[in-house]
Amino acid sequence: MYLYVRGVSMQTIDSILTERREFMPEQSFQSSANISFSDYQELCRQAEEDYEGFWARFARENLVWGRGFTRVLNEEHAPFYKWFEDGQLNVSFNCLDRHLPHHSAKPAIIFEADDGQVTSVTYADLHQQVGRCANALKSLGLVSGDRVVIYMPMSIEVVVAMQACARIGVIHSVVFGGFSAKSLGERIADAKARLVITADEGLRGGRTLPLKSTCDEALTYPGTETVEKVLVYRRTGGDVAFFPDRDLWWDVLVSKQPSDCEALLFDAEHPLFILYTSGSTGKPKGVQHSSAGYLLGAILSMRWVFDYKADDVFWCTADVGWVTGHTYVAYGPLAVGATQVIFEGVPTWPHPGRIWDMIFRYGVNVFYTAPTAIRSLIKLGPDLPLNYDLSSLRLIGTVGEPINPEAWMWYYEKVGRSRCPVVDTWWQTETGSHMIAPLPGACLAKPGSCTRPLPGIMADIVDDKGQNVQNGQGGMLVIKKPFPSLLRTLWNDPERFQQVYFPDNFQGRWYLSGDSAHRDADGYFWIMGRIDDVLNVSGHRLGSMEIESALVAHPQVAEAAVVGRYHEIKGESIVAFVVMKGTMLTEDEADVMALELSEWVTEQIGRIARPDEIRFGENLPKTRSGKIMRRLLRSIARREQIDSDISTLENPQILAQLGRACATRSP
Ligand code: PRX
């Protein structure tokens with residue numbers, strides 16, 4: 001029997017790539033780590049023995065409650081779980097006010113703009129700015145439960161806007177500044193927002209982003225009539241349209257407000273935000289998070305996975321338009337009282353060494369970025385980090401996609417100088433915070449594995465019948481118990497929430513992540529990609545990730561993506577899209593390289609994984625958060641017309657190039 005998950009039949013998946021390198025954290029790191037190996041074992045034991053007690057203890061220890069909770073988990077309406085439901089707190093108080101008695105003068109955010117200008121705020125400053133902004137929102141008549149869409153560039157002000165919403169119980173929905181008017185309009189309409197906060201323009205790699213005019217266009221879409229006002233932060237001073245009946249300047253409205261705004265108490269389950277994330281098909285899903293459970297996940301992972309220490313300078317490069325920028329920019333670092341760096345622009349501008357230079361200049365200790373950024377930095381200059389003093393770093397992390405072992409090794413050696421543990425963190429918009437990741441002082445790392453579930457996260461890998469798969473066999477990654485930071489529902493669509501994440505097949509009780517994974521003999525998890533990206537070649541179900549990793553292990557390959565195409569004998573044949581380091585190949589060079597890469601994959605994995613066709617391009621189609629869109633590559637490989645929405649694509653012009661690319665058949 002096969003289970004049909006999101007249109008894909010799923011039994012088990014063959015794992016074909018074997019990675020044997022292992023790295024222990026240095027003794028000095030281990031001895032000062034927040035969680036030692038024995039702590040880790042003890043935490044896992046406690047979570048097994050008394051699951052609710054485990055979470056209750058951490059919720060009491062890490063959050064400041066206005067009214068304590070007595071009930072830990074309510075499962076009556078599963079899978080609509082409730083955590084700490086009779087407790088009350090204020091998320092903004094937990095991020096700001098709690099630090100004022102002892103750390104009001106501590107820098108909270110150091111912001112470096114696209115043009116290099118630096119602004120920084122202390123916790124006291126931030127508290128005042130948030131108070132002013134919250135009062136401005138109140139002056140517009142916004143009340144708890146209203147929705148505000150935020151469409152702003154990276155800035156201190158965007159964090160202020162998010163925190164201000166949290167302070168008065170308004171639900172924010174941040175939309176990444178690179179999204180089109182159509183995508184923005186759709187999200188505004190779905191959330192029925194009363195206010196949009198935007199900026200005149202953003203800056204990205206020296207170019208301006210027309211945020212206000214995009215927002216004006218978005219507000220002509222049907223369904224956006226709920227928007228009463230648009231609050232505009234003046235970022236560049238550019239000339240933009242201004243509609244006096246609807247638009248308000250941030251510097252006029254916000255700056256005249258009093259800075260004191262009481263942090264009212266809200267229920268633990270009060271929705272903190274909605275964040276839209278694309279489904280594989282159809283309209284975006286409005287992932288809805290709670291207040292207390294979400295914040296608890298953010299805080300614990302800051303302490304456990306990032307091993308946060310009071311003096312750390314923390315830098316997560318994500319934009320607040322993504323969940324990573326929510327949890328590890330706008331909430332987590334503030335809740336633990338960290339000093340964090342944020343930046344506007346792109347890692348590679350004004351020069352390819354910007355990231356390394358910033359790490360040096362700000363003395364960054366903990367650095368967190370995405371494999372896509374790592375791969376583009378490798379492409380730009382594999383040895384570039386060596387020109388910079390990166391000795392402040394003590395921990396480096398990745399998130400967003402499986403990291404190919406070779407990219408991991410580069411990150412570990414060239415950036416971490418074989419001294420800093422790498423935390424490969426698996427999680428999702430839906431899970432709110434890290435789920436499977438190494439506790440860096442307690443865990444031996446293996447390149448390409450996100451290691452083991454955090455204490456209290458009951459992750460498992462199962463087949464279509466819900467049976468555990470054998471070690472080394474791939475299956476569906478599920479989480480078998482609810483946990484505090486999990487999404488609560490999909491905004492406006494509870495049925496879809498149930499169908500997608502808690503399908504009937506598993507009695508509606510297990511959270512289905514949509515990813516495939518396998519586990520090795522040490523219990524380490526290896527993410528193999530989205531279930532939808534599985535290939536079926538001659539009866540073997542192969543995760544795209546492993547073949548891609550083999551390709552990327554070739555010294556001249558920068559990036560690779562593989563997809564399946566119908567094959568009458570094999571079921572599916574493998575089509576690989578490859579980006580080389582350096583300049584594009586000529587046609588003749590491409591033929592030679594295709595042959596070499598086919599041989600290479602055969603050597604690394606075996607004949608089964610040998611691509612039937614290899615196409616070379618300058619880049620791969622990516623979402624604006626840097627994820628490869630294999631769906632579009634599948635269409636190209638199958639020579640189908642692309643008629644799906646590509647407005648969320650970062651680089652649409654690449655589709656034509658890959659479509660034209662010489663379809664080199666490997667013999
Ligand atoms: O497929 C997994 C991949 O990214 C998906 C979640 O994407 P999103 O909701 O945009 O959140 C990204 C930031 C958390 C997952 O289902 N993914 C994320 N982290 C990893 C990963 N795949 C492998 N290894 C990771 N560390």
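In each ligand, atom 1 is the first atom listed, and ligand 1 is the first ligand listed. The structure displayed is predicted, hence computed values, not measured ones.
In this structure, Y294 and Y331 have perpendicular ring planes: the angle between them is above 60°, well past the 30° mark. Note: Y412 and W408 have parallel aromatic rings, judged against thresholds of 30 and 60 degrees for the angle between ring planes. Aromatic ring orientation, F306 versus Y368: perpendicular (interplanar angle above 60°, classes split at 30° and 60°). Under the 30°/60° scheme for interplanar angles, the aromatic rings of H326 and H172 are found to be tilted.
A distance of 8.0 Å separates OG1 in T431 from CD1 in I457, rounded to the nearest 0.5 Å.
The contact set between ligand 1 and D424, taken as ligand atoms under 4.0 Å from a residue heavy atom, comprises 24 (N), 25 (C), 26 (N). Contact atoms of ligand 1 toward T324: 13 (C) (distance under 4.0 Å to a heavy atom of the residue). Listed by number with element, the atoms of ligand 1 under 4.0 angstrom from any heavy atom of T429 are 8 (P), 9 (O), 10 (O), 11 (O). Listed by atom number, the atoms of ligand 1 under 4.0 Å from T425 heavy atoms are 19 (N), 20 (C), 25 (C), 26 (N).
Considering backbone and side-chain atoms alike, R530 places an N or O below 3.5 Å from some N or O of ligand 1. Considering backbone and side-chain N/O of T277, none are found under 3.5 Å from N/O of ligand 1.
Not close to ligand 1: C450, with no non-hydrogen atom less than 4.0 angstrom away. For M545, the closest heavy-atom approach to ligand 1 does not fall below 4.0 Å.
Protein heavy atom nearest atom 25 (C) of ligand 1, with residue, atom name and distance: E401 O, 3.5 Å. For atom 5 (C) of ligand 1, the closest non-hydrogen atom on the protein side is K627 NZ, 4.0 Å. In terms of protein heavy-atom proximity, atom 23 (C) of ligand 1 is closest to P402 N, 3.0 Å. Looking only at protein heavy atoms, the nearest one to atom 19 (N) of ligand 1 is G400 N, 3.1 Å.
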*Given the rule in the ring-ring contact (aromatic ring centres under 6.0 Å, His included) test, do H434 and Y328 qualify, once you have shown the distances and angles that lead to the verdict?*
CA-CA 10 Å; H434 301 157; Y328 300 109; 4.5 Å; yes
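Counting heavy atoms under 4.0 Å from ligand 1, residue D515 touches it through the side chain alone.
A salt bridge links E186 with K182: the closest approach of a Lys/Arg side-chain nitrogen to an acidic carboxylate oxygen falls below 4.0 angstrom.
Partner Y308 forms a side-chain contact (heavy atoms from CB on, under 4.5 Å) with one of V366, L395, V336 and no other, that one being V336.
For W426 and F525, the ring centers are positioned 6.0 Å apart or more.
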